[in-house]
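The sequence lines fix the lettering, A, B, ..., with proteins before strands; numbering per chain opens at 1. Computed over heavy atoms, backbone and side chain alike; hydrogens, waters and symmetry mates excluded.
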Amino acid sequence: MPYNTEEIKKIEAKWQEVWQERGTFKVDMDADKEKYYVLEMFPYPSGKIHMGHVRNYTIADVIARFKMAQGFSVLHPMGYDAFGQPAENAAIKHDTDPAKWTYACIDQMRTELKRMGFSYDWDRELATCDKEYYRWNQWIFLKMAECGLAYKKASPVNWCPSCETTLANEEVIQGECWRCKSEVTQKDLEQWYLKITQYNEKLLEDLKQLEYWPARVIAMQENWIGKSYGVNIHFKLKGEGDVITVFTTRPDTIFGATYVVLAPEHPLVEGLIKGAENEREIRKFIDEVAKETRSARVTGEAGKGGVFTGRTAVNPVNGEAIPIWIADYVLMEYGTGAIMSVPTHDQRDFLFAKEHGLPMRIVISDPQNPEMTVKNMACAYEEEGALVNSAQFDGVNSDEAIEAIGKWMEQEGTGEMTVHWRLRDWLISRQRYWGTPIPFIYCDACGTVPVPEGQLPVELPENIKITGEGGSPLDHCAEFIHVACPKCGAQARRETDTMATFFDSSWYYLRYCSPKDGGNVFDKAEAAYWMTVDQYIGGIEHAILHLLYSRFFTKFFKDLGLVDFDEPFHRLLTQGMVLKDGEVMSKSKGNTVDPDSIIAKYGADSLRLCILFAAPPEDQLEWSNGAVEGAWKFLNRIWNLVEKRYKAVAQGSDAPLGGQDKDLERDRNATIKKVTEDIAEGYKFNTAISSMMILMNKVDKYKVEEGSDQAQGVLNRTVGSIVLLLSPFAPHICEELWQKMGGQEASVVEVPWPQYSEEALKQDTVQIIAQVNGKLRGKFDIGVESSEEEVKELVLADKKIQEFVQNKPVKKFIYVPRRLVNLVV
RNA sequence: GCGCGGGUGGCGAAAUUGGUAGACGCGCUACUUUGAGGGGGUAGUGGCCGCAAGGCCAUGAGAGUUCAAGUCUCUCCCCGCGCACCA
């Protein structure tokens with residue numbers, strides 16, 4: 001029977017059914033066993049899986065199966081991040097219901113995942129759009145509200161005109177909507193927020209615990225949280241009580257501040273410009289800036305636009321009156337929306353001052369360039385140096401002056417040292433239908449009232465017509481909106497906004513621990529056993545969004561006393577993207593390869609093997625059809641090996657092995673060692689597979705004489721080891737072969753992982769390299785126990801070596817035991 | 001500009017952590033098996049010189065440390081990703 005398309009189909013279907021029926025991957029809390037939790041970022045159920053999914057889940061599956069074979073109690077669940085806009089869009093397009101569409105997609109997705117042979121505990125499957133899931137979203141939201149972490153406020157918000165909804169800061173990528181890439185605009189709205197900023201210090205500090213996360217992800221989160229130390233400095237307006245507060249990280253340059261700049265949106269602007277001589281001109285400028293898109297404004301290298309207000313403010317450290325300007329390069333959302341400008345020591349200020357002819361004063365000297373003057377400087381000097389023109393601080397080095405001046409200003413009452421965070425609270429309201437309803441009710445008498453816990457879940461009404469027009473569909477659903485106030489019973493109104501779907505995915509890993517618990521968000525004991533996630537695997541695109549939010553939720557749960565750890569994901573692996581012809585595979589580029597079409601021809605095992613062999617997990621992977629064929633060929637060779645050369649024989653004697661038998665036995669042990677270490681130490685699946693191929697090549701050359709039980713026994717043992725080592729990578733074929741070879745276990749998963757013996761690895765001889773002056777000149781087989789003297793003698797006696805030595809004296813003889821010698825002549 | 005990765009054959013990639021550069025695979029070439037196709041087998045496959053034995057060169061560029069450098073140090077170039085008028 002050849003390992004062809006027909007046979008592959010049969011085998012893979014057969015074992016998928018066996019796993020299903022026997023519940024091979026079902027797992028329960030087992031205090032006697034060490035647990036291991038492998039998790040991949042759950043998919044949005046679009047229906048079809050793509051190569052990115054296949055890669056992500058295959059990596060996870062090898063780890064899960066490897067850990068199972070090592071005797072761990074392995075939790076490996078799968079589910080669906082099922083709320084979200086694509087379902088609404090699909091509903092409009094196909095005139096159906098988002099729920100129907102989503103559940104149909106889930107069914108299809110599940111079938112495709114099963115076809116890949118992943119080792120999931122399907123009993124734990126969950127979908128976030130299930131009311132038994134999202135009721136706990138609502139419960140968490142209410143808990144957050146109780147703690148003051150969920151609150152409503154009116155504020156300028158990011159608005160995506162195409163998705164017709166608000167967006168969190170994290171969802172705005174370079175001024176564009178993360179989902180549809182439309183230009184994001186600003187709107188003033190009253191919206192729900194989650195106070196993630198309450199945890200800013202912990203979110204930053206605990207990054208230090210994440211020693212097994214990629215440095216890149218840590219750096220991205222650090223940047224996003226953006227802690228900076230500085231001073232808030234108060235500039236009084238000349239002649240009035242108003243004060244402009246600026247934030248600066250460089251208080252050491254305060255004596256060089258020659259003007260102050262406000263963002264056009266700054267609240268003090270209106271009062272300042274009223275009645276100004278050039279009021280019209282100023283208003284025109286402000287209007288123009290308002291019309292600019294944020295990205296245009298932020299990348300504005302062209303020149304720094306600004307206008308003078310005609311007013312002045314007083315520099316608190318020297319009493320100097322300096323002009324107040326309004327400019328687009330100052331952003332309202334960062335710091336205080338106002339800056340002190342030090343053109344000599346800040347490049348942006350430098351450009352602005354040059355453009356508008358504003359005064360400059362050097363307050364930090366450049367030790368490399370004592371001749372530096374305002375006139376001859378070509379750009380701002382932003383490095384450190386001794387202070388000048390700075391009264392009592394003259395001569396102090398700038399890095400010391402930062403703290404010294406900050407403290408002095410605090411004493412003088414002219415400013416205070418402060419910490420600024422870039423992280424903003426998380427805008428959670430979405431004006432969309434297909435999400436978790438926010439569990440609040442508006443009553444004219446009682447105000448904003450939480451839905452009582454006993455009334456959860458607030459269910460999404462079904463069979464709603466989605467038109468894509470006129471705002472959220474829930475706004476037009478009378479039976480949803482009208483509700484009695486839980487406090488006074490009067491006619492009241494439900495909140496019609498739903499939660500951003502990142503809420504759903506911020507805690508699903510906890511729900512997997514006890515997915516059917518009807519009375520709790522998750523079972524504390526189960527979570528205590530299974531958490532934290534030992535290995536999390538997913539794409540880098542979630543480096544900030546999902547991973548930051550999940551860390552926030554975990555810290556909140558800890559404060560609630562539901563968990564006792566700070567961080568949810570112990571180890572994180574961000575798998576590389578799958579490319580086709582050098583570009584990321586994507587529907588929009590039209591360069592996708594459908595995993596299903598590959599499975600149909602070569603089977604899931606070949607696809608899995610190919611993807612694992614082609615590149616290390618973190619690297620980009622260039623798809624190639626040739627590589628699948630290569631993987632199939634390798635599996636085919638193993639198949640034929642078992643079919644044609646595996647023969648049940650009387651177990652050979654325990655007599656010591658010699659010659660080729662001993663060599664193969666050593667190679668077998670060496671391969672077990674290599675594969676085990678490659679998987680365990682850094683997931684080097686590509687080299688693990690390559691070492692199995694090498695062993696396979698050796699088996700091909702290994703001759704078994706007719707009737708030689710000894711040699712046949714060694715061969716059998718080697719074939720058995722290959723099948724077991726390969727089983728996490730290509731599970732279906734290995735199950736089948738193991739059974740063919742007489743394995744009695746219900747599944748290879750139950751067979752303990754192969755062990756190697758150090759004794760068998762020992763070699764009698766070893767090849768060493770002989771160099772003359774660092775160049776390779778010969779190779780010698782020497783006994784492992786050979787002494788340095790013996791080796792030296794042997795090498796020096798060699799004709800070829802002598803040719804290169806040419807009777808010159810050997811100045812130095814370097815000997816690295818069992819590796820090389822180097823003669824320096 | 002700042003941060004994180006990278007740069008090794010025609011291609012995907014290895015390299016025992018300073019010790020034989022290119023394992024393994026894809027592709028290609030020749031021979032072979034088969035009625036043909038597919039598939040299988042054998043040999044070869046970094047560049048240059050050479051019939052060969054062999055020699056020289058070679059890990060983005062240049063310098064340095066060392067008996068020995070893809071690996072360590074410095075300078076520079078290039079590519080990818082992320083962040084960014086962040087005050």
> Watson-Crick or G-U wobble partner for G50(B), using a 3.5 Å limit on both distances?
Replying inline: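 The answer is none; no pair meets the criterion.
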>> Under a plain distance cut-off of 3.5 Å, with no hydrogens placed, do Q186(A) and N158(A) share a side-chain donor-acceptor pair?
In response: yes
> Is it the case that S606(A) and Y3(A) place a side-chain donor and acceptor less than 3.5 Å from each other?
Replying inline: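 Their side chains do not contain a donor-acceptor pair, so the 3.5 Å distance test is not met.
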> Which nucleotide in the set A14(B), G25(B), C86(B) lies at the smallest distance from any side-chain heavy atom of R348(A)?
Replying inline: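 The answer is C86(B).
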> Where the side chain of P616(A) is defined as all heavy atoms beyond and including C-beta, which of C24(B), G55(B), A13(B) is the nearest nucleotide?
Replying inline: A13(B)
Students often get this wrong, so: under 4.0 angstrom with heavy atoms, is [X] touching a base, only sugar-phosphate, or nothing?
| X | result |
| --- | --- |
| I769(A) | base |
| T248(A) | sugar-phosphate |
| V330(A) | base |

>> Measuring only the C1' atom in each nucleotide, how far is C48(B) from G37(B)? A whole number of Å is fine.
In response: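 Nearest-Å result for C48(B) against G37(B) at atom C1': 40 Å.
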>> Whole angstroms only, please: what is the CZ-C1' distance between R819(A) and A69(B)?
In response: 15 Å
>> Under the salt bridge (charged side-chain N to carboxylate O under 4.0 Å, His left out) test against D667(A), which residue among K673(A), K674(A), K698(A) passes?
In response: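 Among K673(A), K674(A), K698(A), the one meeting salt bridge (charged side-chain N to carboxylate O under 4.0 Å, His left out) with D667(A) is K698(A).
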> Relative to the 5' end of RNA chain B, which residue comes earlier, V824(A) or T687(A), by the nucleotide with the nearest heavy atom?
Replying inline: T687(A)
